[in-house]
Amino acid sequence: MERYEPLKIEQKWQQIWEKTSPFKAKEAPGTPKVMLAEMFPYPSGAGLHVGHVRNFTIVDVLARFHAQQGLNVLRPFGYDTFGLPAENYAIKTGTAPQKVTKINIDNFRKQAKRLGFAIDWSREINTSDPEYYRWTQWCFLQLYKKGLAYQKESYQWWCPVDQTVLANEQVENGKCWRCGHEVEKKKMKQWFFKITEYADELLDEIDHLEWPDKIKTMQKNWIGRSVGAEIDFAVESGAPHITVFTTRPDTIYGATFLVVAPEYGQLESLLTDDTREKVLAYKAAALKKSEIERQENKEKTGVFTGSYAINPATKAKIPIWVADYVLAGYGTGAIMAVPAMDDRDHEFAEKFDLPIVETELCDRDKFGTLKTTYRMRDWLISRQRYWGCPIPIAYDSEGNPHPIPEDQLPVLIPEVDDYQPDNTGRSALAKATDWLKVNIYNEAIGQVEEMTRETDTLDGYACSSWYLWRYASPHDNTAAWSQEAIKYWEPVDYYCGADHAVAHLLYIRFWCKFFADEGYLPFREPIKRLLYNGYINAPDGKKMSKSKGNVIDPLDVINDGYGADTLRTYEMFIGPYDQDAAWDTRSVGGVYRFLNRCWTLCFATPVSDTDHTVTTRHRTIKKVTEDIHRYNFNTAVAALMEYVNELYKVGAITEDLIVLAKLLKPFAPHLASEMLEKLSSDDEWPKWEDQYLTSDTAEIIIQVNGKLRSKITIDASNLADEEKVVAIALADDKIKKYTEPGIKKTIFVPKAKILNIVV
RNA sequence: GCCCGAGUGGCGGAAUUGGUAUACGCGUUCGACUUAAAAUCGAAUGGUGAAAACCAUAUGGGUUCAAGUCCCAUCUCGGGCACCA
């Protein structure tokens, strides 16, 4: 070979890795281990994009780095395959989602292999594989058994385009997270997971996580714990009392009216013949308002119910109003209004001419009971969709739910011809009439009964709430995860992603705590360290999108001749991993030149017979090692570039080339492997020795009044002798002219090798 | 509105504990090689200035021998939350 030909080198090593499976995790309990994973991708038809490459390469650099340091590494891979794109495609074309998914997975796998990721391919998982979702259903049943999966009729977000309900976490600014259409409220009976049961622990343990502050703050805000009190207000007419929630029970003397939400359950009991019509019209209008309207128009509206409550502190008779600035789902759906203290109540009082009185404070628990509430709601998990994990439930003739026995799992997704949901709000599963019927033992009547299956499927986030544990024993057909394997490999040491701050990352913590309580997991937090990487934008700084035509295809970059090593190294060099970055094709060329220089040094340059670079070499080892530990991948690459520039100038001995190849391997594994082969070296991560980090001479920076005036080089042995250094510095020609008026003071900092003369 | 971040050359960015501001890369300019170009190699590159020097890390103050880094105020951008009582 006469020049650097990345495509040849990469093909060669990818074939070798395919044959020898060097990234297969070892079954070696007791040895030090590292488990890493990226947030597994949804395999779209478009294949890998540059964002995947950044995400996967971060994990790959850490995986290879730890493997080279002798740790037993598990770096698995999987596919999050249930979801709307495949189903919508099926509705449009009639192609089974199973079929499309398989094609897309095959393509993703092929592309991932072309990037040289150190993946243990024997552990691939796929959430729509019956062998996988069988255990998702098992997880559901465990939650169901403990009452943490339950049905409730309530107002829910409904996307009229995707024809399904959505979790709160899937509504973004009042719009569907998938299609962007405005969501509506619809009263429906739905399945929920009781995540609120773990609200306190989910909140309190956030502070102990090695996660980015940004994510921790978002989760804290999402859970939104408020400590306050519930206070009962008697209703004058004798109607049931109204319980309000307040964080300021001490301001009760200033409460001059009550407000209940339009959806308030006991609203009817508060109405009088005079007010009924007006209030019900207001309620109907409020329910019809979309979330967007409610957010945009914050002008207070409301109507008087006709009833009065008694303020337990002042004994005053105060009016009860209904207004949509009070939310039904938070607290008790009713508040005491203290217009003198609260801006919203004040605005409402001004508008409707209600009394505003100054309040004296009292003890917080004088009139009510202390109570904590949360902003977070239970997780709505049923979806009226075909392409999801079927909920393992059937209904008897009375409509009561019964779990499908565990030995009848998986509940397979039936084949249908038409994937369109029907017009009753049920998924296409309802069209599989044979599948719908199932015989189950009904304890209530003491016999087997033909029941009707649930036609809702699980939110895709349920499938991804346990996959990290499946990686420990992906082929176990006796359990969702093996106790032994999970004990050794997990929790996950490094988890890398760029999305799902309050959805997936909260749900998986919730399941972890639940399964720890059930004795299935020996830890309560699933992820030790979270790396939240930034996006890669188009060269113009805007988001890449097909419609804008500014998408960079990573496979094009490789096939253009740059190769996977350049692509990987470029994406690590592009900037701090946690910040967004704009693609710059010319900078890709710069990284290619760097790798080309590495190749030239190793394959087309005579080896030097003098070791000029022992200090640089050890400093580079230290810098790259520490930078990877700190996730400063960009400066680690820069340090390697500096090293190569130095070797170009003064010549490299074999040791230099070996060190270079070893340090380069996490970033550019194909080229590094080729170099190590030529050099007959293993890839063991090199160690630096402190004795080589310092040289015999030291450069001293001399400042006068804080300004740089001169640099002198002295014998390093003099550094400890302050008087001597000062004397040498004062004798320096450039310094003499500043010091004529006399010296007030000198400050010498040996560690910084800096001397400041104040005159 | 509230809570976080961030602001450094022509550009992406570096400066890890308050200690040489601008590492590394891109771009640009010049040179070598070449019939020529590409590739490659070498040199220069914050601004003003002939030079000495002076001025530069969003803006204005402050602390310090010394500030991109710490403190106060202001501006701009990004993110999160947003009628959560």
Side-chain angles (χ1 to χ4, degrees), chain A residues 3-4 173 212-222 224-226 228 244-249 251 255 259 261 294-295 297-301 323-327 329-338 341-345 347-348 373-377 501-502 539 541 570 573-576 578-591 593-594 596-597 600 604 623 626-627 629-630 632 634-645 648-649 699-711 744-759:
Chain A
R3 57 190 186 87
Y4 176 41
N173 296 320
D213 287 339
K214 187 173 108 178
I215 309 301
K216 292 196 202 178
T217 306
M218 282 168 75
Q219 293 210 348
K220 281 184 196 169
N221 289 342
W222 187 261
R225 178 163 64 195
S226 297
V244 306
F245 174 75
T246 176
T247 53
R248 295 296 306 273
T251 65
V259 187
R294 229 164 132 154
Q295 276 175 9
N297 184 9
K298 289 190 180 168
E299 176 84 11
K300 295 276 179 295
T301 61
D324 68 359
Y325 84 93
V326 172
L327 307 174
Y330 184 76
T332 60
I335 63 153
M336 63 176 203
V338 185
M341 296 294 289
D342 185 280
D343 290 344
R344 297 155 302 189
D345 297 345
E347 193 191 328
F348 194 80
T373 57
Y374 305 88
R375 185 188 167 283
M376 180 172 69
R377 312 291 152 79
V502 292
Y570 169 67
F573 184 62
I574 195 168
D578 56 351
Q579 284 176 28
D580 291 353
W583 187 267
D584 179 7
T585 300
R586 287 189 297 208
S587 291
V588 178
V591 172
R593 280 192 277 282
F594 159 63
N596 196 11
R597 282 157 77 86
T600 306
K623 171 83 174 149
E626 292 179 348
D627 274 353
H629 273 302
R630 285 188 294 254
N632 292 343
N634 55 329
T635 53
V637 174
L640 289 172
M641 288 172 167
E642 282 186 75
Y643 185 34
V644 166
N645 291 346
Y648 251 64
K649 272 190 199 122
E699 189 178 57
I700 301 291
I701 307 303
I702 309 174
Q703 297 181 333
V704 178
N705 293 331
K707 281 189 177 157
L708 175 70
R709 293 301 177 191
S710 185
K711 294 179 191 179
K744 272 190 204 150
K745 164 171 177 190
T746 60
I747 288 137
F748 178 52
V749 188
K751 212 177 160 193
K753 294 176 190 166
I754 195 160
L755 176 70
N756 195 5
I757 301 164
V758 187
V759 295

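Remark: P of G5(B) and NZ of Lys214(A) are 13 Å apart, rounded to the nearest angstrom. When rounded to the nearest whole Å, the span between OH of Tyr643(A) and C1' of C24(B) equals 17 Å. Atoms CG (Asp578(A)) and C1' (G5(B)) sit 11 Å apart, rounded to a whole Å. When the P atom of G1(B) is taken as reference, atom OH of Tyr325(A) falls 21 Å away, rounded to whole Å. When rounded to the nearest whole Å, the span between NZ of Lys707(A) and P of A67(B) equals 10 Å. Across the protein-nucleic acid pair, Leu640(A) atom CG and C24(B) atom C1' stand 11 Å apart, rounded to whole Å. Atom CG of Leu708(A) and atom C1' of C65(B) are 15 Å apart (whole Å). G5(B) atom C1' lies 13 Å from atom CE of Met218(A), rounded to whole Å.
In this structure, Asn756(A) contributes its side chain and Gly706(A) its backbone to a donor-acceptor pair below 3.5 Å.
Across U40(B), A85(B), C26(B), the shortest atom-to-atom separation from the side chain of Ser587(A) is found for C26(B). Candidate nucleotides U20(B), G27(B), G42(B) were compared by shortest atom distance to the side chain of Tyr648(A), and G42(B) ranks first. Residue Ile754(A) has its side chain nearest to G19(B) when only G19(B), A85(B), U40(B) are considered. Of all nucleotides listed (G27(B), G19(B), U17(B)), G27(B) comes nearest to the side chain of Arg586(A).
Spacing between A21(B) and U74(B) at atom P, rounded to whole Å, works out to 31 Å. Only the P atoms considered, G7(B) is 12 Å distant from G12(B), to the nearest whole Å. As rounded to the nearest Å, G13(B) and A6(B) have C1' atoms that lie 14 Å from one another. Comparing the same atom, C1', in U69(B) and in A14(B) gives a spacing of 14 Å after rounding to whole Å. Using C1' as the reference atom, G78(B) and A58(B) are 15 Å apart when rounded to the nearest Å. Separation of the P atoms belonging to U48(B) and C11(B) is 15 Å when rounded to the nearest angstrom. Separating the C1' atom of G68(B) from that of G46(B) is a span of 15 Å, rounded to the nearest Å. Between A23(B) and U16(B), the two C1' atoms lie 13 Å apart (nearest whole Å).
In terms of position along RNA chain B, the nucleotide closest to Asp213(A) lies nearer the 5' end than the nucleotide closest to the other residue of the pair Trp222(A) and Asp213(A). In this structure, Ile335(A) and Lys649(A) both approach RNA chain B, and ranking their closest nucleotides by distance from the 5' end singles out Lys649(A).
The partner of C11(B), taking Watson-Crick or G-U wobble pairs whose two distances both stay under 3.5 Å, is G25(B). Base pairing of A53(B): its partner is U48(B), meeting the Watson-Crick or G-U wobble criterion (both donor-acceptor distances under 3.5 Å). Pairing of U40(B), defined by two Watson-Crick or G-U wobble distances under 3.5 Å, is identified with A32(B).
In textbook terms, a nucleotide whose glycosidic angle is within 90° of 0 is syn, while G31(B), being further out, is anti.
As judged by a 4.0 angstrom heavy-atom cut-off over every strand, Asn645(A) is placed among residues touching the sugar-phosphate backbone only. At a threshold of 4.0 angstrom between heavy atoms, the contacts of Glu347(A) with the nucleic acid are absent. When heavy atoms are screened at a 4.0 angstrom cut-off, Val758(A) is found touching the sugar-phosphate backbone but no base atom. Among the atoms of the strands shown, none is found under 4.0 Å from any heavy atom of Thr217(A).
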For this session: Classify every nucleotide of nucleotides 6-16 of chain B by which part a protein heavy atom approaches to under 4.0 Å, writing B for the base, S for the sugar-phosphate alone and - for neither, in 5'-to-3' order.
Result: ------BSS-B
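The side chain of Arg709(A) places no N or O atom within less than 4.0 Å of a non-bridging phosphate oxygen (OP1 or OP2) of U20(B). In this model, the phosphate group of G25(B) is not approached by any side-chain N or O of Arg597(A) to a distance below 4.0 Å at OP1 or OP2.
Residues Asp345(A) and Tyr325(A) have side chains in contact (heavy-atom distance under 4.5 Å, counting atoms from C-beta outward).
Using modelled atom types and a 3.5 Å distance limit, the side chains of Asn596(A) and Arg3(A) yield no donor-acceptor pair.
With hydrogens and angles ignored, no donor-acceptor pair under 3.5 angstrom links the side chain of Asn221(A) to the base of C81(B).
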For this session: Could you go through the side chain to side chain contact (heavy atoms under 4.5 Å, CB included) check for Phe573(A) and Met641(A) one step at a time?
Result: CA-CA 11 Å; Phe573(A) 184 62; Met641(A) 288 172 167; 3.8 Å; yes
